[in-house]
**Q** 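Shown below is the structure under consideration.
Every chain is numbered from 1 and lettered A, B, ... according to where its sequence line falls, protein lines coming before strand lines. All values reported here derive from a predicted model rather than from experimental measurement.
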Amino acid sequence: MDITQIDRNKDARVIEIQGGRRVAGRLEGMGIVPGRIIRKKSAAPMKGPIVLEIGTMQAAIGYGMAKKVMVEPL
Amino acid sequence: MDSLVKKVLLVGNPNVGKSLVFSRITGLGIISANYPGTTVELKIGRFKFRDQEYELMDVPGTYSLETFSKAEETAVGLIDESDIIINVVDATNLERNLNLTLQLLKKNKPIIVCLNFWDETAHKGIGIDSVALENILTVPVVTTCALSGEGIKKLISQLDSARVGNLSFGKEEQWCLIGSITNRVQKLTHRHHTFLERLSDFTLHPLGGIVSAVAMLVLTFIIVRFIGEGLLNYVCTPIFSQLYHPIILKLSAFIPVDFIKGVLAGHTSDPLESFGILTTGVYIALVLVFPYFFSFYFVLGLLEDFGYLPRLAIVLDTFFHRMGLHGYSSIPVILGFGCKVPAFLATRVMVNKREKILTIALILMCAPCLPQSAMIFSLGMHYGTLSVVAIFATLFIQAIGVNLLLNKLLKGETSELFIEIPPYRKPQAKLLLSKLRFRIVDYLKEVFPMIVAGVLVINILDFLKIFDLISDFLGKPIVLLLGLPHEIASVMILGFLRKDVSIALLAPFNLTARQFVIASIFMVLYVPCIASFFTLIKENGARTTLKIVGAVFVFGLVITSLLNAAFTAVHRIALF
C-alpha cells in the first residue's frame with residue numbers, strides 16, 4: 001500500500017519508491033528512503049498534501065507524490 | 001601569511017540558518033526567513049581573520065548535490081571553485097542533514113561542519129556528541145547558535161583546520177552509514193510535546209489548518225490596520241502638520257523666485273494639492289505610505305520568524321492546485337502584496353516554467369504592492385469602506401478568473417508540492433527589529449527619493465506643458481473607456497515609475513467614488529512598476545516578460561472598461 005492509505009498518526013516503513021530518479025532523488029533529500037520508518041501526521045482534504053514526520057523533521061508532499069511512496073504499516 | 005583571498009562557501013539544507021551564519025561572520029545586515037526561495041541571490045561578503053582575507057558566499061539551500069533544480073546546479077558549480085566549505089547543519093535534524101554532508105565529503109574539498117541550532121537540541125531532548133562526530137567524519141565539527149552568535153568566533157578560527165575528509169563509502173552504503181553515525185553520536189531523550197508543537201499539529205490538521213489560516217489572515221489585516229492607522233494618526237500626521245509643514249511654509253515665504261518656491265513648497269497650503277517636493281513629496285512618502293509599510297513588514301517579520309508561512313502554503317495548496325499552481329506559489333503571491341520585486345525573485349525556485357508564468361500572472365493581477373495598497377486604503381477610506389472592498393474584491397475575482405483561463409490555455413502538468421516544515425520558533429525581538437530596521441533604511445534610501453523625484457517630474461512636465469500634450473493624446477481613450485478625466489493620463493505615465501505615487505497623485509483630481517474605484521483597479525493592473533518590470537526581464541527574458549505584461553495590460557483594460565460600462569448601465573437603470 002502507499003502512504004496515503006495509512007491512518008493518521010501511524011508509523012510505516014518505506015518499502016519502495018515508485019517513479020523515476022527524479023521523484024526518488026527528491027524524496028531521498030528528505031530522508032524518505034527504503035527501510036526508513038516515517039509517520040503520517042495528517043492529510044489535507046480533497047487530495048491535498050500529506051504531512052509526514054521523518055525522524056525529528058516534518059515535511060509535506062503532494063498527493064500524487066505520496067501515492068508513489070510504498071510502505072508497510074507498523 | 002597568505003596574500004590570496006580564500007573562497008569560503010556556506011553549503012547546507014534549506015532552513016538551517018545559513019543566512020544568519022553568513023551575517024554573523026561578515027557582519028552584514030541580512031534578511032533571513034524560513035520559507036523556500038528566500039536566498040535566491042548569491043550573497044557574497046568579505047571578512048578578515050589573522051591577516052587572512054576571506055570571501056564568503058552563501059549558497060541557496062539544497063538537500064543534495066544531485067541536480068534537480070537550479071539551486072542544486074548552482075551549488076555544485078560553486079563548490080568546485082571554492083577553497084573551503086562550511087557545511088551548515090541543523091543539529092536538530094542531524095540524520096537528514098548528513099545526506100548532504102556525506103555528498104560534500106566526496107567532493108574532496110577542505111570542509112568544516114557547523115552544527116547550528118545547537119541551543120535547540122537541549123530543548124528537544126537531543127544529545128549529540130560532537131567530538132565523536134568529528135572523529136567519524138574526519139573533519140572539524142563546531143557547534144554554533146547563529147541566533148546568539150555563540151560558536152561563530154570558534155568557527156572562524158578553525159577555518160584553517162578545515163581538511164579533506166577521509167571517509168570512504170559506496171553510494172549504496174550511504175543511508176546505512178548515516179543511520180549508524182546517527183546511532184553512535186545522537187541520543188534522543190523523550191520529552192512532552194511542547195505547546196508550540198501542539199500548535200503546529202493544529203495548524204497542519206485538515207480543518208485546523210483552514211481555521212488558523214483564516215484567523216491568521218484576519219488577524220494580520222487587523223494588526224496591520226491598527227499599527228498603520230495608529231502611526232498615521234498619532235505620530236506621522238501630527239509631526240507633519242504641527243511641526244514640519246508650518247516651518248516649511250514659513251521658510252518658503254523667504255524664497256524670492258516664485259517658480260522655485262512653487263516647486264519646493266507648492267502653491268497651496270494643502271499638502272496633497274500643493275505638489276511641492278518638500279510638502280507633497282514628503283507628505284506622501286512619510287505620512288501616507290510609511291505607516292503601512294512599517295506595519296506590514298512588522299507583521300510579516302513576525303510570521304517569518306515564527307515559521308507560519310510554509311504551513312500557510314500547505315493549507316492553500318489544494319486551492320492553488322485548482323488554478324494550476326500549488327501552495328508553493330502562495331509564497332511569491334503573498335510576497336507580491338509587499339513588493340513585486342522579491343515576489344518575482346522568489347519564483348526563481350520554480351522549476352516548472354508553466355507554473356512560473358501562471359504565478360507571475362497571478363502576482364501581477366491580484367497583488368497590488370504594499371505602498372500601493374496603503375495608498376488605495378488611505379485614499380479609498382474617504383469614499384467609504386465599500387469602495388475599498390470593491391477594489392480588492394474585483395482584483396481578487398478577476399485574478400482567479402484570468403488564472404483559470406490561462407490554466408486552460410497553457411498546456412502542461414502541475415508539479416507536486418514538496419516542502420519542509422520548520423518547527424515553530426519564538427520570534428526574537430532582536431532579530432525582528434534588525435530585519436525591520438534593514439527594510440526601513442531600504443525604504444528611506446530608495447522609495448522616499450523616488451516619490452520626491454516623482455513630484456518634481458510632475459512639476460517640470462506641468463511647466464513644460466507636456467502634460468497637456470500627453471493628456472490630449474491618451475485622454476480620449478481613457479475618458480471613453482474608463483470614464484475618467486483626461487488629465488489622469490499623465491499620472492498614469494508616472495505610474496510606470498512608481499505605482500504608489502501614481503495612486504497618491506489621484507487625490508488632487510477630486511474623483512467620484514466610482515471613478516476612484518475604476519482608476520485604482522486600472523492602475524494596479526496596467527503595467528508593473530519599473531523596478532519589477534526590469535526584474536522580470538532579468539529573470540525571464542524580454543520576450544516572455546512582454547508577453548505576460550502585454551496580456552495583463554489587455555486584461556486590465558478590458559476588465560475596467562467592462563466595469564465602467566456596468567456602472568453606467570446600473571446608473572441608467574437606477575435613473576428609471
**Q** Find the distance between CD (A:E53) and CG (B:D201) and round it off to the nearest 0.5 Å.
**A**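 One finds 8.0 Å between CD of A:E53 and CG of B:D201.
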**Q** Under 6.0 Å from the NZ atom of B:K106, do we count more than 12 heavy atoms belonging to anything else shown?
**A**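 Yes - once you tally the heavy atoms of other residues, nucleotides and ligands closer than 6.0 Å, there are more than 12.
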**Q** Using a cut-off of under 4.5 Å on heavy-atom pairs, state which of A:G31, A:G35, A:A60 scores highest against chain B.
**A**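 Most heavy-atom pairs within the cutoff with chain B belong to A:A60.
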**Q** Side chain from CB out, backbone as N, CA, C, O: work out which of these in B:L98 comes under 4.5 Å of a heavy atom of chain A, or both, or neither.
**A**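 No part of it gets close to chain A.
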**Q** Specify the closest pair of heavy atoms between A:M30 and B:E420, including all atoms of both residues, with the distance to one decimal.
**A**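 Result for this residue pair: CE-N, 3.7 Å.
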**Q** Pick one of side chain, backbone, both or neither for B:N97, based on which atoms fall under 4.5 Å of a heavy atom in chain A.
**A**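 For B:N97, no heavy atom lies under 4.5 Å from chain A.
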**Q** In Å and rounded to the nearest 0.5 Å, what is the CD to CG distance from A:Q58 to B:L204?
**A**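 That separation rounds to 6.0 Å.
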**Q** Examine whether an atom of B:N93 lies under 4.5 Å from a heavy atom of chain A, and if so say whether it belongs to the side chain, the backbone or both; otherwise answer neither.
**A**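 Backbone plus side chain of B:N93, per the 4.5 Å heavy-atom cut-off to chain A.
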**Q** Between B:I126, B:L207, B:T92, who has the most heavy-atom pairs with chain A when the cutoff is under 4.5 Å?
**A**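 Result: the option with the highest number of such pairs is B:T92.
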**Q** Rounded to the nearest 0.5 Å, what separates atom CD1 in B:I421 from atom CG in A:L52?
**A**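 Output value for this atom pair is 8.5 Å.
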**Q** What part of B:T182 gets closer than 4.5 Å to chain A, counting heavy atoms only: side chain, backbone, both or neither?
**A**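 Neither; nothing under 4.5 Å.
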